[in-house]
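The basis for the numbers below is simple: all heavy atoms, side chains too, and nothing from hydrogens, waters or symmetry mates. A note on names: the letters A, B, ... follow the listed sequences, proteins ahead of strands, and every chain is numbered from 1.
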Number of protein chains: 2
Amino acid sequence: MPAPNLTEAEIVEAALRVIKQDVVDALSMRRLSRELGRSQMAMYYYVADKSALLDLVAAAALGDIAIPDPADGPWDARLRALITNIDEQLRTHPGVGEVLLDRMLSTDRRILNAAMEILLEGGFGDEDVLMAYATVHTYLFGRYRVISSPPPHGDDRAGDTVARLVTRLPSLSGRDFFEFGVDTLVAGLRERVARRRS
Amino acid sequence: MPAPNLTEAEIVEAALRVIKQDVVDALSMRRLSRELGRSQMAMYYYVADKSALLDLVAAAALGDIAIPDPADGPWDARLRALITNIDEQLRTHPGVGEVLLDRMLSTDRRILNAAMEILLEGGFGDEDVLMAYATVHTYLFGRYRVISSPPPHGDDRAGDTVARLVTRLPSLSGRDFFEFGVDTLVAGLRERVARRRS
DNA sequence: ACCTGAACACCGTTCAAGT
DNA sequence: ACCTGAACACCGTTCAAGT
């Protein structure tokens with residue numbers, strides 16, 4: 001006997017399970033139904049289509065992202081913390097990165113609001129807030145894409161700069177790359193505010 | 001009579017045509033063969049599989065990216081120019097953005113080399129060059145993803161920061177967003193080098 | 001050398017039906 | 001209310017064959 005009625009929580013959980021153990025694209029309507037012991041059409045009772053399913057999963061992941069408290073420090077530290085939290089979720093569920101970021105822009109206003117308020121406090125004008133947020137968002141979009149891609153396997157053709165530098169790769173961790181990136185981004189934003197003030 | 005033998009140039013051209021007029025995912029082996037008036041299997045004579053086809057398209061697009069001449073100015077101006085050129089190609093062929101960037105890392109060393117040499121000249125140490133390049137690359141990856149996505153359609157729920165700021169959107173162009181992003185990134189990198197020197 | 005045809009294992013999705 | 005089964009129009013790809 002196949003367990004009783006499905007709940008949204010069970011569906012999301014199963015979806016995350018599939019995404020985690022297999023590759024991203026392994027999540028299909030049919031595959032998910034199989035995972036839950038139903039016929040290939042069972043999901044369509046709970047969810048309108050595949051994009052709605054992904055929305056469901058993304059909403060769950062978004063809820064886990066903590067928003068730094070104003071008491072936590074100056075605007076740039078809080079921005080950095082928020083970016084780190086989002087990145088954390090992207091790394092935990094790399095499969096839904098795209099939908100997660102899309103949803104952040106459209107349906108879920110919580111994080112977008114938090115980010116923009118931090119930027120306003122930082123001293124950006126209204127239009128600059130939009131562009132600054134877009135810059136951060138774009139970077140995060142890139143992160144989720146880059147996250148689980150293989151390292152640039154050195155062809156080791158002697159003589160070129162790449163070949164020489166690539167030998168340094170083993171001493172750098174994913175964390176190093178992330179921190180360099182966020183620090184650079186935040187430093188760039190800080191500099192823009194400073195220049196605007198003068 | 002279906003034209004004589006196909007050439008790689010014709011295939012790439014047809015692929016770009018399909019990508020341009022339809023959505024990204026419209027490019028399929030079968031669709032491309034149809035476009036060229038052959039049977040669904042014809043492409044497999046010229047190309048090992050779909051990823052090889054995309055490689056072909058990406059290689060063509062990569063060749064069009066110009067590398068700024070050392071005489072063109074200081075390192076940061078040249079980095080900015082190179083990023084602009086890459087972004088240009090991403091916007092021209094949004095469909096192959098992912099493969100294009102992947103190829104830049106793996107098979108095609110030309111642009112990677114140029115970028116890293118610019119960063120070396122800028123005064124970055126070996127490891128910092130790698131991380132700085134990764135930051136730029138990540139940003140570009142995000143760009144290609146964000147490029148043709150719809151604007152954050154305002155739900156217009158009164159009271160929140162987002163709703164207020166979104167009204168400013170119409171006065172900003174895609175170019176504004178791009179320039180803000182690159183400038184921020186380059187400013188951040190400049191600041192890191194400066195700090196390293198002191 | 002340059003393909004074509006049939007077939008397999010996958011998709012998302014619609015539509016009608018079953019308990 | 002909670003599904004199931006069959007069917008349609010798509011995929012990428014293998015394998016054997018046709019000219």
Side-chain angles (χ1 to χ4, degrees), chain A residues 1-59 94-100 102-103 149-150, chain B residues 1-59 94-100 102-103 149-150:
Chain A
M1 53 199 133
N5 298 352
L6 294 173
T7 65
E8 268 190 15
E10 283 174 298
I11 291 175
V12 169
E13 196 189 344
L16 288 174
R17 214 184 315 135
V18 172
I19 287 173
K20 195 153 295 177
Q21 75 188 36
D22 256 314
V23 202
V24 177
D25 308 343
L27 182 64
S28 67
M29 294 284 116
R30 293 161 114 110
R31 168 76 198 275
L32 184 56
S33 297
R34 221 184 306 140
E35 188 83 10
L36 290 163
R38 309 293 146 109
S39 89
Q40 64 185 23
M41 286 306 299
M43 283 312 109
Y44 286 89
Y45 181 74
Y46 296 94
V47 119
D49 53 19
K50 187 171 184 180
S51 111
L53 167 70
L54 291 172
D55 272 359
L56 220 58
V57 178
V96 285
E98 186 175 355
V99 224
L100 196 142
D102 275 345
R103 247 192 102 94
S149 78
Chain B
M1 55 201 132
N5 298 352
L6 293 173
T7 65
E8 268 190 16
E10 282 174 299
I11 292 176
V12 170
E13 196 189 345
L16 288 175
R17 215 185 313 137
V18 171
I19 287 173
K20 196 152 294 176
Q21 74 188 35
D22 257 313
V23 202
V24 177
D25 308 342
L27 181 65
S28 68
M29 293 286 117
R30 292 162 114 112
R31 169 76 198 275
L32 184 56
S33 296
R34 220 184 308 140
E35 188 83 10
L36 290 162
R38 307 296 146 107
S39 88
Q40 64 184 24
M41 285 308 298
M43 282 313 109
Y44 285 90
Y45 180 72
Y46 296 94
V47 121
D49 53 20
K50 187 172 184 181
S51 111
L53 168 69
L54 291 172
D55 272 358
L56 220 57
V57 178
V96 285
E98 186 176 354
V99 222
L100 196 142
D102 275 345
R103 246 192 104 94
S149 79

Out of C:dA6, D:dG12, D:dA7, whichever nucleotide has its closest atom nearest the side chain of A:Q40: D:dA7
For A:D55 against A:R103, the heavy-atom pair lying closest together: CB-NH1, 3.3 Å
Residue-phosphate contact under 4.0 Å: A:R34 side-chain N/O, C:dC10 OP1/OP2: no
Spacing between B:L36 atom CG and C:dC3 atom C1', to the nearest angstrom: 13 Å
B:Y46 side chain to B:I11 backbone, donor-acceptor under 3.5 Å: no
Selected nucleotide, minimal atom distance to A:N5 side chain, candidates D:dC3, C:dC3, C:dG12: D:dC3
Heavy-atom pair of closest approach, residues B:K50 and B:M29: CA-CE, 3.3 Å
Base paired to D:dG18 (Watson-Crick or G-U; both N/O distances under 3.5 angstrom): C:dC2
Whole angstrom value for the distance that separates P of D:dC11 from CD of B:E35: 12 Å
Residue from B:K20, B:R17, B:R30 passing salt bridge (charged side-chain N to carboxylate O under 4.0 Å, His left out) with B:E35: B:R17
d(CG, B:L32; P, D:dC10) in whole Å: 16 Å
Under-4.0 Å side-chain N/O to phosphate OP1/OP2 contact, B:Y44 with D:dG12: no
Between C:dC10 (P) and A:L27 (CG): distance, integer Å: 16 Å
Side-chain N,O (B:Y45) to OP1/OP2 (C:dC2) below 4.0 Å: yes
Short side-chain N/O contact to D:dC11 OP1/OP2 from B:S28, under 4.0 Å: yes
Length of the line joining A:R38:CZ and D:dA1:P, which is rounded to integer Å: 17 Å
Between C1' of C:dG12 and OH of A:Y46, the distance in whole Å: 20 Å
B:I19 versus B:G95, closest heavy-atom pair with distance: CG2-CA, 3.7 Å
Of A:R31 and A:M41, the one whose closest DNA chain C nucleotide lies more 5': A:R31
Nucleotide C:dC11, atom C1' - distance to CG of B:D25 in whole Å: 13 Å
Who pairs with C:dG12 - Watson-Crick or G-U, where each distance is under 3.5 Å: D:dC8
Rounded interatomic separation in angstrom, taking CZ from B:R30 and P from D:dT13: 11 Å
